[in-house]
Q: 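Handing you this structure, nothing more for now.
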Amino acid sequence: MTTAPYPALRPAGPGGPSAPVGREELLARLERALHTRGRALLTGPAGVGKTELALAEATRAEARGETVLWLATLPSDREIPGASAAALVASVATTVTWPELGGGSRPEASAVFDELPGPQRTAVAMLCREAPLDAGGWDPIALRLGIAQILRTLTYRGPVLLVVDGVQHVDADSADLLRFALHLAPPALRVVAVETPEPYGEAGEPYRESHRPDDPHAAHLWVPSEADVLLVPPLHADEIAELLIHHRLPSRMAGRIHRASGGNPRLALAVGRSLADARTPVHHAEALTLSGRARDLARQLLGAAPLAVRETLLLAALALRPSSTLVRRAGRPNAEADLAAAERAGLVSLAEDGSVTFTAGLLPSTLVHDACWAERSAGHAALAEVVDDPVEAVRHRALATDIPDEDLAAEVAAAADLARRRGNSALAAELALLAAESTPGRHGTQRIARLVDAAEEAARAARADLAMRAATDLLARDAVPADRVRARLAVLDTAGQGLTGLDEMYVHAMEDSEGDTALRAAVQLRLAVKYVLADGDPQRSRTAAVESAALAASMGDPRTAAQALTVQARMERALGSPDAEAVLTQARALELAERPLGIRNAAQILTIRHALFDDRLTDARDELNALLPLVQRRGSVEDTIELFSTLAAVESRRGACAAALAHAGQSLALTLEAGLSPGPAWYTLALAETAGGSFARAASYARRSVQASEEEGDRVFLSRSRYALGRVQLINGDVAAALETLRRVQADERAQSTVDPSMLRWHEELAEALLAHDACDEALALLDEVRPVAARLGRSTVLLGCDRAYALWLAAEGRTDEAAQLLTRTAEAFGRAGLPLERGRALIALARVERRRRRRSAAQSALHTAASVFERAGATPWLALASESPAGAAGENPGGGSGSEESLPALSSLTEAELRLARLVGQGASNQEAAAKLYLSVKTVEARLTRIYQKLDVRSRAQLATALRP
């Protein structure tokens, strides 16, 4: 029961109400604090999720049958004596009924008030304005005792949880009353107080000591201690991504939204909704041009600070490397005090050296956005005089004026070159665009040249917003076709995985490159990438790559030729062409001579990925480990992410599970920090979690990758992430879901004309799902289709995966002796190939077949061997499967269940699909209900039941239920 309506957190699942995103551990700490002390104080900045955490605890308490009292305060309550206490009493009086008191169902407050002594009842009535105030007001002692008695009476029925949301707004009289009442309350009354510390007064006056969190005379209801004060921190970038998905918002920009919000959930959701409402294209999203709710929330946070503090913060927002010393020298003598106050407000954090970091990227952008030109100009001019770096000084001088000047533009262009040489590509891109925008109109040719440089510099820095700004400015001018093409190519190069919606850009680039062979080669190269990523058409991609390579070779451009040949080699491999390795060797030779700056999408990394596809895992790992230090020192963040992702995939495959998880985690962290689409990194994490983490987390990451890839229109990673999801669904025993997911992978791969089965090994997974679904003929047809292709291409480990699935088919057909022999050979071959997880999986399948052969000792031996393999690899989730009984192991009983009934000899003759149907029918399901649950037709259910009855020698559903009992 609640004193006031409060929103449900989310539907309760099988395990009870769930925690808010990223708050599982904190919610557990909250429950421990309430269990041990009966009191808990949730504190943290506005919007960080304190109320949602309290709601989660209230929902759990309500689910346990406890009484929940929810008191939500308002800022105005602090100025009204007794407001909060009156609201608590009035809420109890109007919303709670208690049939056990006084006989019959009547308001609980009536029963409570009837039991109060006269002076207490009068005082409570005066508090709630139900009786006129005496000249001297209410009797404070009687009122204290009355409030205490009301709360004590509520606990007679059972435990009570009181949530005070906004304890900082409780007026002094109410705080005094509640402190007294809680001091006398029995242990059955537990309290959660939600507090947002206020460093400023209501009108923005300076920080007041009376608002100190540790002040016993403040609005706290008890003296807090380390045991019961829980600071609610911001969410991590990955948790922000999960939050966006939970609210059906675009997750592809999770890293950028995390930076903008500082991990504050309320800000993050506002930013996500702002971008979703604006339908911001992926290639525009870097700038995060926001309005509406997101800006309003930022203004609310900033508005709590006095004007003087906001003026100091504006200077910090304008600086590249803000510090208290720099801001003070720029004209704010009280900078240290202002910034310390801003830190108390949760707006900035201060390091020991005085450097300033805003807690959310939206705060400085809003400060700059809302400042007038004169304020921004004066700030930049002041900073230009005090910064000690010439590059920063030139930047501030250029931003302090809106009058184009060629001499200043040349200085800025030189500063951009210096920033580039220092390795600060983002600053170089900003300065290159600033140089172009500072160029006077009469120097039109120079301005266009600088705009082209700015666009290409932005592409190198992966700054889509700057590339688009430069290209838009250039395309509005009288630029020659070559310059227009270069600007458009820069925009395309910053689009990342999201190439949908850019068709017009490609069309214009093709038109403008007419007659320019070198530019046409560059355009065809971008088209080759688009055709495979956005269109899912590897044949068209190969054609474009071949043309690009030929054009580049004719112009003596080895760099473009190497890139085009690399794309061609990728497509040749996907299409099952025997020429793939020869083309890749040709690309690698050109690349070694040219020594390109980056390795992402280069022949060198594709060579390593081919080794991964071929399960030459040691070679792939050694090359990656040799390359990684060099790329970390001198390469781009995209190159580093590519290496970590590939390393994670290699280590997952070879059973180095701890290393796989570490590399995948680094890939995701760098991806989110750089603001790139997290889809590929989530796919990599799904693989690593499947190998050595948690099947549940693997499924979660795979689902996120599916959503991000759909948002991006990335066909390649959409297939990969669906494969990862379908695989873990099959392992978890969710056969119907796995079958649906893997069929979509099959459709995707066939639509993309993918032939080589080693690049995405969905065939063996789908075959096993079909067998578990009792679609044996379809499974055999699939295996008969893929095996000749794998043999022709020499994909030996693909053939081993097919052998494992074929052995399961043999077992389903009753040929268990042949199945056991084939699985034994397959497990040994996987071991020789250096694939321990695949070996262990084959051993689990062998244990299942041996169980059906009623060879318990052999089954147990296979499971023990599998467990040893998984333990050495650190494959935690697989080890848990191998530790179960053969009947409960994954791949053996996908439908779930304890497996104890399979110890009966007769039941061992049933297939998994038959056993699932038998369980459903034995539990009382009709044929129609079983057909709906298993996604079968009623006729199929009837035919399958006939076979089950024959195998178990039963004649009725009652006999079937009896046969299924352990």
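Everything numeric in this text was worked out from a predicted model, so none of it was measured.
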Q: Quick one: closest heavy-atom pair of Leu742 and Tyr723, and the distance?
A: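 Shortest heavy-atom contact: CD2-O, 4.3 Å.
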Q: Taking all non-hydrogen atoms of both residues, which atom of Glu765 and which atom of Arg761 are closest, and how far apart?
A: CG-O, 3.6 Å
Q: Assess whether a salt bridge exists between Arg715 and Asp535, defined as any Lys/Arg side-chain N lying under 4.0 Å from an Asp/Glu carboxylate O.
A: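 Judged by the 4.0 Å cut-off on N to carboxylate O distance, Arg715 and Asp535 do not form a salt bridge.
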Q: Taking all atoms of both residues into account, what is the closest heavy-atom pair of Leu800 and Ala829, and its distance?
A: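 For Leu800 and Ala829, the tightest heavy-atom pair comes out as CD2-CB, 3.5 Å.
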Q: Can Ser694 and Glu689 be counted as having a side-chain donor-acceptor contact under 3.5 angstrom?
A: no
Q: Give a yes-or-no answer on whether the side chains of Ser677 and Glu712 include a donor-acceptor pair shorter than 3.5 Å.
A: yes
Q: Under the rule for side-chain hydrogen bond (donor to acceptor under 3.5 Å, both in side chains), what residues qualify as partners of Glu828, not counting sequence neighbours?
A: none
Q: Return the minimal non-hydrogen interatomic distance between Ala686 and Ala702, and the atom names on each side.
A: CB-N, 3.8 Å
Q: Side chains of Pro265 and Arg23: does their closest heavy-atom pair fall under 4.5 Å?
A: yes
Q: We want to know whether Ser667 and Thr684 form a side-chain donor-acceptor pair, criterion being a heavy-atom distance below 3.5 angstrom.
A: no
Q: How close do His763 and Leu782 get, counting heavy atoms only, and between which atoms?
A: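 Where His763 meets Leu782 most closely, the heavy atoms are O-CD2, 3.5 Å.
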Q: Going by heavy atoms in the side chains, are Leu881 and Phe695 under 4.5 Å from each other?
A: yes
Q: May I ask you to check whether Thr494 and Arg463 show a side-chain donor-acceptor distance below 3.5 Å?
A: no
Q: With the threshold set at 4.0 Å, does a side-chain nitrogen-carboxylate oxygen contact exist between Arg841 and Glu768?
A: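 Yes, Arg841 and Glu768 are salt-bridged.
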Q: Using a strict cut-off of less than 4.0 Å between a Lys/Arg side-chain nitrogen and an Asp/Glu carboxylate oxygen, indicate whether Glu764 and Arg804 qualify as a salt bridge.
A: yes
Q: Is there a donor-acceptor contact under 3.5 Å linking the side chains of Arg570 and Ser541?
A: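 No, Ser541 and Arg570 have no side-chain donor paired with an acceptor closer than 3.5 Å.
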Q: Can you give me the closest heavy-atom contact between Thr671 and Ala681, atom names plus distance?
A: OG1-CB, 3.8 Å
Q: Is there a side-chain contact between Leu835 and Leu617, using heavy atoms and a 4.5 Å cut-off?
A: yes
Q: For Ser709 and Asp714, does a side-chain donor sit closer than 3.5 Å to a side-chain acceptor?
A: no
